[in-house]
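Worksheet: the structure to be examined is printed underneath.
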Amino acid sequence: MDPEGQVDTTTIEDAVGKFGGARDRLMDILQEIHRRLGCLEQQTISALSASLRIPSAEIEDAASFYSFFNRAPKGRFHIRLARTPVSLMKGADDVARAFVAATGAQIGGTSAEGDFSLDWAADLGMADQEPSALINGAPFPALAPSDVRTMVEELRRNRDTTNALPLFPGSDASGLKQSRIAINLLGPGPVLFGDKRSGDGLQKALRLSPEEIVKEIVKARLRGRGGAGFPTGLKWRLCRQAVAETRYVVCNADEGEPGTFKDRALLTLAPDLVLDGMTIAARALGARQGVIYLRAEYAYLEAALRNELDKRRNDGLLGANIGGVNDFDFDIRIQFGAGAYICGEESALLESLEGKRGAPRDRPPFPTDRGYLGYPTAVDNVETFACAAKVIERGAAWFCGFGTAESAGTKLLSISGDCPRPGVYELPFGTTLNELLDLVGASDARFVQVGGPSGQCVGAKDYGRRIAYEDLSTGGSIMVFSAQRDVIATALQFTEFFADESCGWCVPCRVGTTLLKQDLEKILRGRGTLADVRALESLARSVARTSRCGLGQSAPNPILGSMRNFPEAYEARLQEEEFLPRFSVLEASAEAKSIQEHGLLDVEER
Amino acid sequence: MAKPRLATCSLAGCFGCHMSLLDIDERLVELLDLVDLDKSPLTDKKEFDRPVDIGLVEGGCANDHNVHTLRQFRKNCRILVSVGACAITGGVPAMRNMIGLKECLEEAYITGPTIEGKGMIPNDEDLPLLLDRVYPSHEVVKIDYFLPGCPPSGEAIWFFLKALLTGREPDLPYRMLKYD
């Protein structure tokens with residue numbers, strides 16, 4: 001918007017034109033406008049509504065859902081600091097204070113001269129290098145409070161006028177050496193990082209019939225690497241068997257589970273393997289179009305991925321008649337998320353891909369039957385595609401040589417928290433937590449959160465358990481907490497995360513996650529009684545049982561897991577009274593006292 | 001044997017739950033056969049002077065007087081029941097929880113469109129002090145039973161009371177818990 005309050009119609013028309021005015025490309029259109037204007041204000045939405053000829057409520061519905069869409073102008077530099085249990089243990093609070101001091105902006109606010117806006121954000125995918133931040137989309141890992149002043153001064157000097165958000169990917173961030181993120185690939189394993197012979201998988205797939213490809217994947221017992229572990233071969237077969245004129249391949253690169261960053265590693269170090277896998281899937285399914293749904297937090301990967309896609313088009317590995325095979329036409333585009341954890345759930349992801357808010361769909365129909373735009377769609381995790389490429393390249397028998405009976409192959413793990421060697425490790429399924437903790441050098445782990453907030457909280461007595469679908473299933477997030485960490489405070493941080501990320505569709509999740517948070521806070525504040533703990537457990541089970549999708553169903557896990565494994569932590573905080581009020585009347589009436597200028601009635605205080 | 005005693009109060013609510021109690025119609029006669037009505041807006045009895053068996057609480061806690069009354073009820077009632085949406089969740093009065101107390105009072109008494117001349121926030125010392133937000137009753141005292149609805153139907157209240165008074169667990173059937 002220009003200073004006179006006029007809507008920038010040129011920008012809007014350009015964005016609409018770029019995506020052919022298609023309703024289902026609304027996310028791309030909004031991203032494009034947001035990138036140019038820095039925010040999506042009411043006037044912009046109205047103008048866009050007129051241009052697309054759809055109700056503004058529909059656009060508002062999508063725009064208001066995603067946390068990366070600013071709804072009002074922000075400073076030239078929008079600093080988002082990761083606020084996660086891991087970032088906080090590494091000193092995110094101190095870094096935040098340093099930013100407040102150096103920029104003059106409060107958290108959630110903008111500095112007076114309009115240069116800086118500060119916000120907390122959910123996990124940014126840099127858990128091994130916390131505290132971290134995104135500044136206009138560029139990553140800043142491993143921040144120390146002492147770095148902040150010089151960083152801010154340097155940013156202040158940056159007068160890049162080509163963009164409303166300087167430093168945004170595509171803009172110039174080279175002046176800041178820190179705006180590169182290293183990949184701590186500390187444990188390259190035999191499957192994904194074993195050798196450099198990628199490309200062979202696709203060549204081999206071109207010589208196989210689609211049915212033979214599916215058979216090989218089934219034989220390899222490959223299961224989804226995002227966490228749910230659905231058999232990939234079965235998914236591809238169902239998708240292939242569905243009667244339709246076209247099918248889609250979608251790569252789920254939303255990697256939103258706090259504590260994971262292994263897909264970022266894979267997309268950076270081995271994008272060819274992932275793209276091979278997608279192309280092999282396309283061949284197997286008969287798909288002509290693939291989409292990589294990339295989380296907004298990883299927007300800085302876009303340029304490299306686009307290069308990779310262009311290279312493949314030049315090499316005849318994407319486009320028409322791939323590898324000289326007649327009628328094998330397939331191309332891949334990238335579409336961005338906008339900061340919504342729920343979009344990692346495949347049906348919410350598809351909604352988002354279609355330009356809507358990321359609310360999960362009712363199932364059936366399953367995406368393999370009716371997915372993207374109503375066509376059969378195989379949505380698979382980044383790592384699953386990479387594994388599929390390796391299965392075709394080296395054969396199912398070779399792949400099954402790693403792992404356990406029910407979990408073939410290796411798993412990429414993102415390990416963070418209280419350990420000297422956090423990073424990405426590729427380990428065969430069946431590895432015990434003990435072995436893993438030895439690898440990362442964590443000698444005094446009090447508990448390990450396996451599978452992120454929605455996963456399990458495992459105490460020392462269970463460190464003999466194995467990373468595998470049949471035991472400790474994980475999408476790859478492993479957070480280590482040392483003896484000094486408070487298990488209930490950590491559970492509260494995870495619970496807050498779910499309350500923030502709930503899409504709001506169903507009551508058990510929308511209301512339940514907030515109630516869970518409040519009840520846990522009461523216990524942490526030393527006002528909890530045995531009755532409170534019982535009520536909390538009962539509520540947690542209701543939320544788990546009655547929520548509509550996986551988010552709500554797993555939101556109580558941090559509470560139920562910590563109750564099961566650390567009952568003594570709860571006992572230590574319980575008060576012996578039969579009942580204690582949630583709040584103090586004295587505190588609750590303090591404000592009125594100053595407004596109404598008189599004292600309390602004879603309410604006895606406890 | 002003396003009849004069980006019943007007390008009722010309306011805190012931050014609309015008296016709708018009390019109206020619904022009256023909606024049990026001719027069964028009121030039966031109710032009065034079963035209980036003695038003690039402290040209640042219906043009797044205008046001001047203070048508790050003997051133990052009461054059942055207390056029905058309508059409304060949440062919006063001010064210190066509500067908290068005081070609720071605590072008196074807890075102290076004097078053997079079984080305390082949270083009746084209706086406001087007592088159970090805060091209900092309509094809790095809509096102000098989204099807005100700060102100061103902002104809310106200023107809108108009502110100083111800047112609102114219905115204010116003529118220069119308004120002021122009432123500050124008579126006899127007025128109760130508002131709490132920072134409206135609280136459901138179970139966050140203030142221990143509650144034994146919850147009777148949901150806005151208001152609960154006369155039928156539900158009757159079913160509930162009759163169960164309690166005849167020594168049964170008051171499990172409301174689904175049709176009395178379904179509101180659409």
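Convention: sequence-line order gives letters A, B, ...; per-chain numbering from 1. The figures here come from the full heavy-atom set of this structure, side chains too, leaving out hydrogens, waters and symmetry mates.
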Other residues, nucleotides and ligands only: do more than 12 of their heavy atoms fall within 6.0 Å of [atom1] on [X]?
| X | atom1 | answer |
| --- | --- | --- |
| B/Lys102 | NZ | no |
| A/Arg534 | CZ | no |
| A/Glu568 | CD | yes |
| B/Lys162 | NZ | no |
| B/Tyr109 | OH | no |

Chain A heavy atoms under 4.5 Å from B/Leu101: which part of the residue, side chain, backbone, both or neither?
both
Which heavy atom of B/Leu131 sits nearest to which heavy atom of A/Ser589, and what is that distance?
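Nearest pair, atom of B/Leu131 first, then A/Ser589: CD2-CB, 4.1 Å.
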Can you name the nearest heavy-atom pair linking A/Pro581 to B/Val140, along with the distance?
CB-O, 3.6 Å
If we only count heavy atoms from C-beta on, is the A/Val585 to B/Arg71 side-chain gap below 4.5 Å?
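Yes, side chains in contact.
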Do B/Asp132 and A/Phe583 have side chains that get closer than 4.5 Å, going by heavy atoms?
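SC-SC contact between B/Asp132 and A/Phe583 ruled out.
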